[in-house]
Each structure stands twice: as C-alpha cells, then as structure tokens.
2 protein chains.
Amino acid sequence: MPTPERTTLPAIVASARELLERRGPAGVTMQAVAERVGVRAPSLYKRVRDRDELLRLVAENAASDLSRRFAATDGSVTELAHAYRAFARANPMSFRLLLDSESAGAFRDVADPILEATRSLDAARVVTAWATGFLTMELAGAFRLGGDLDEAYAYGLDTIVAGLRRPV
Amino acid sequence: MPTPERTTLPAIVASARELLERRGPAGVTMQAVAERVGVRAPSLYKRVRDRDELLRLVAENAASDLSRRFAATDGSVTELAHAYRAFARANPMSFRLLLDSESAGAFRDVADPILEATRSLDAARVVTAWATGFLTMELAGAFRLGGDLDEAYAYGLDTIVAGLRRPV
DNA sequence: ACCTGAACACCGTTCAAGT
DNA sequence: ACCTGAACACCGTTCAAGT
C-alpha cells in the first residue's frame with residue numbers, strides 16, 4: 001500500500017539552502033532539514049544519498065541562481081562582475097560553498113559567461129580569480145583598513161581591464 | 001600532588017594542523033588530536049577552550065608559516081606572489097582555513113608585505129584578491145580547461161602589474 | 001595541577017517494522 | 001512505496017574522581 005509523498009527533493013534542497021544561509025554549514029543538519037520539510041530525518045535518505053550529496057545539490061542550486069543573475073545582465077565584464085558581487089553579498093554562505101572543491105563543477109556556470117565576454121581563456125581567468133578573491137576577502141572581513149569597498153571593487157575591475165588591454 | 005604535563009599547546013596545535021592537511025577539516029577531531037599527542041580528549045580542554053579555538057590557533061600557526069616564506073623573499077610583488085602560491089600548494093587545507101571569516105585576523109600577515117611592496121592600499125588589494133582567488137580556484141580544481149597553470153599565474157600577475165601602471 | 005572514565009546531548013546513517 | 005522509531009557509531013564537552 002503506497003504512502004503519499006510528504007515532501008520533495010526541491011523542497012529539501014531549498015530548506016537546506018535556507019539553513020545554510022541562516023545558520024551556516026554546521027546548521028545544515030539532516031534533522032533540521034527534515035523538520036523544516038515536515039518529515040523525520042531517516043526519510044531524507046529516500047531522496048539523497050547522504051549529507052554530502054545534499055550539500056552538492058545546494059551548491060548546484062546556488063550556481064543556477066548565479067547563472068540567472070548573469071543572464072539578466074548585458075553580458076559585459078562590468079555587469080557580470082557586479083552581478084557576481086551582488087550574488088555573493090546576498091548569499092554569502094552559498095558563495096563560500098561554491099568555492100569548495102567538492103562543488104567545483106558548479107564553477108563552470110560562473111566561468112562561461114565571463115569567457116564569452118572576454119573571448120580569452122587567460123583574460124577570463126584573471127577577471128574571475130580577482131573577483132572571486134575580492135569577494136572571499138570581503139566576506140571574510142579581511143578589508144579592515146577602511147575605504148569604500150564599492151569603489152575598491154570598481155577600481156580593481158578597471159585595473160584588470162586596463163592590464164588586459166596592454167600591448168603584448 | 002601535581003601531575004607532570006604530558007603534552008603542550010604547541011604539540012596540540014601541530015598535531016591538529018597535520019590532521020587538517022592529511023584528513024581535511026572533518027578529520028580534526030578532539031579524539032584524533034588527543035591520540036596523536038598521547039593524551040585523552042578531555043585533557044585537551046586544559047589548553048584550549050574548545051575545537052573552534054584550536055582551529056583558530058592552527059590558522060595562526062599557518063599564517064606565521066606564510067609570513068616566514070614572505071620574509072625569505074626579496075619583497076618584490078613577483079616573489080611575494082610566488083611564495084603565496086608555493087605556500088597554498090604545500091598547505092592547501094591550511095590555506096583554505098585562512099580564508100574563513102573566523103580566521104580573518106590572520107589575513108593581516110599576508111596583506112602587510114604586499115602593501116609594503118606596492119605602497120598603495122588599492123594596488124595591494126587588487127594583487128592580493130587576484131592571487132587569493134587564483135589559488136582558491138586552482139585548489140578547487142576549477143581550472144579544468146587546461147593550459148599551463150604556472151604560465152597562467154605569471155600571466156595574471158603581469159596583467160595586474162601592467163594595469164596598475166596605467167595612466168590615471 | 002593535570003589526567004581520566006563516565007556521562008550527556010547531539011550528530012549521520014541503517015534498518016526492520018509499520019501503513 | 002514511503003515513513004518511522006529504535007539503534008549504532010561517533011562526535012564535542014563537562015565533571016567528579018583519581019594521582
């Protein structure tokens with residue numbers, strides 16, 4: 001006699017992501033996720049292999065959000081860079097999760113549009129690395145020497161674009 | 001009647017850091033650390049408040065290693081950047097730990113020498129952000145489109161230095 | 001003064017038993 | 001076919017009792 005499904009995989013992933021943002025990685029317990037979707041922890045294992053897979057799904061979910069933000073820009077490096085920062089500030093924990101090696105696959109979604117804008121693998125890597133590092137440091141509170149971070153971000157982007165245009 | 005000390009704080013921190021590099025953050029359990037220093041887990045709490053503090057001490061320890069590598073260079077941006085990368089590749093888990101917000105204080109040791117080399121807060125931030133992002137992506141395996149990463153790193157550094165020299 | 005076993009609360013995960 | 005309670009192994013942490 002079949003039992004009606006009391007939750008869904010998307011609901012589980014959404015709950016996990018909310019918990020990640022609200023309470024950090026340690027707050028994403030199977031029990032907390034289960035409670036949020038109205039089920040007991042063991043039931044989650046019908047939809048995900050284990051907690052690691054759940055976190056990978058959360059990373060994928062975040063990556064697709066970021067892709068959507070990218071798609072809403074004009075495709076220029078400037079707008080892509082600012083969309084990247086807006087995403088990181090709105091979803092700091094998800095951003096950090098994307099940087100973990102386990103979720104490295106999700107990085108492709110980030111790199112692709114920038115590669116299209118710069119039309120050069122080397123150039124795309126410089127821009128992506130700089131923006132990723134800047135946001136990592138900003139979120140970690142590493143920019144404590146003051147100054148306007150909005151301006152610092154724009155300045156960095158200008159610097160790199162200028163450098164990429166240098167004579168070879 | 002005093003009992004002889006069976007371990008020391010430096011030994012505990014060193015064991016924790018070895019475990020971090022060998023088995024990742026989840027491998028740094030109080031029990032595993034205790035076993036390595038020849039003591040039972042509860043005894044660790046005589047030297048550290050809790051696991052979080054232990055990880056903070058590990059981050060400090062790694063930061064001072066990095067400072068030593070910086071001090072062994074000629075102080076130029078080029079050598080600093082390569083020392084930074086050598087450290088990250090030799091201590092990938094420690095490097096990642098340094099990027100956590102809880103350890104953000106340790107970042108100062110990294111930023112200071114670069115600030116001295118560039119003599120500009122903005123310039124130091126661009127270089128540090130780019131290098132940090134590059135290494136994060138390299139360690140996460142995000143550079144899967146091939147190419148020589150040594151060359152890519154040198155190219156990125158050239159690009160940024162050139163950009164910093166642009167006319168304002 | 002440091003070390004320990006025992007205990008507690010809390011994890012992730014498995015599984016037999018329910019519907 | 002999905003859900004659950006019970007159980008297991010394993011955490012971090014506390015603490016009274018040992019020396």
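Both backbone and side-chain heavy atoms feed into the values below; hydrogens, waters and symmetry mates do not. Residue numbers start from 1 in every chain, and the chains themselves are labelled A, B, ... in the order their sequence lines are given, proteins ahead of strands.
Screening Leu54(B), Thr7(B), Leu20(B) for a side chain to side chain contact (heavy atoms under 4.5 Å, CB included) with Val33(B), the sole residue that qualifies is Leu54(B).
Rounded to whole Å, the distance from CE on Met30(B) to C1' on dC11(C) is 17 Å. Rounded to an integer number of Å, the gap from CD of Gln31(B) to C1' of dC10(D) is 7 Å. As rounded to whole Å, 14 Å separates atom C1' of dT13(C) from atom CG of Leu54(A). Between Arg49(A) atom CZ and dG12(C) atom P there is a gap of 17 Å when expressed in whole angstrom units. A straight line from OH of Tyr45(A) to P of dC15(C) spans 12 Å, rounded to a whole angstrom. Look at CD on Glu35(A): it is 14 Å from C1' on dC10(C), rounded to the nearest Å. One interatomic measurement links the two molecules: CG of Asp50(A) to C1' of dC15(C), which rounds to 17 Å at whole-angstrom precision.
Remark: dT13(D) base-pairs with dA7(C); criterion is Watson-Crick or G-U wobble with both hydrogen-bond distances under 3.5 Å. Base pairing of dA1(D) is made with dT19(C), judged by Watson-Crick or G-U wobble geometry with both donor-acceptor distances under 3.5 Å.
For Arg51(B), counting side-chain heavy atoms from C-beta on, the closest listed nucleotide (dC11(D), dT13(D), dG12(C)) is dT13(D).
A donor-acceptor contact shorter than 3.5 Å links the side chain of Ser64(B) to the backbone of Asn61(B).
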Polar atoms only, N or O, under 3.5 Å: list the protein pairs with nucleotides 3-6 of chain C and their distances.
{"from": "dC3(C)", "atom 1": "OP1", "to": "Arg6(B)", "atom 2": "N", "distance (Å)": "2.8"}
{"from": "dC3(C)", "atom 1": "OP2", "to": "Arg47(B)", "atom 2": "NH2", "distance (Å)": "3.2"}
{"from": "dT4(C)", "atom 1": "OP2", "to": "Arg40(B)", "atom 2": "N", "distance (Å)": "2.9"}
{"from": "dT4(C)", "atom 1": "OP2", "to": "Ser43(B)", "atom 2": "OG", "distance (Å)": "3.2"}
{"from": "dG5(C)", "atom 1": "OP2", "to": "Arg40(B)", "atom 2": "NE", "distance (Å)": "3.2"}

Test log, rule side-chain hydrogen bond (donor to acceptor under 3.5 Å, both in side chains), inputs Asp122(A) and Ser120(A)
CA-CA 5 Å; Asp122(A) 284 328; Ser120(A) 149; 5.2 Å; no
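For Ser43(A) and Arg6(A), the side-chain atoms include no donor-acceptor pair closer than 3.5 Å. In the model, Tyr84(A) has a side-chain atom that pairs as donor or acceptor with a side-chain atom of Thr132(A) under 3.5 Å.
The cationic group of Arg40(B) does not satisfy the cation-pi geometry with Tyr45(B), failing either the under 6.0 Å distance to the six-membered ring centre or the 45° limit from the ring axis.
Contacts of Val28(A) with the nucleic acid, taken as non-hydrogen atoms under 4.0 Å apart, involve only primed sugar atoms and P, OP1 or OP2.
The ring-ring contact (aromatic ring centres under 6.0 Å, His included) check on Tyr153(B) picks up His82(B), Trp130(B), Phe134(B), with sequence neighbours excluded.
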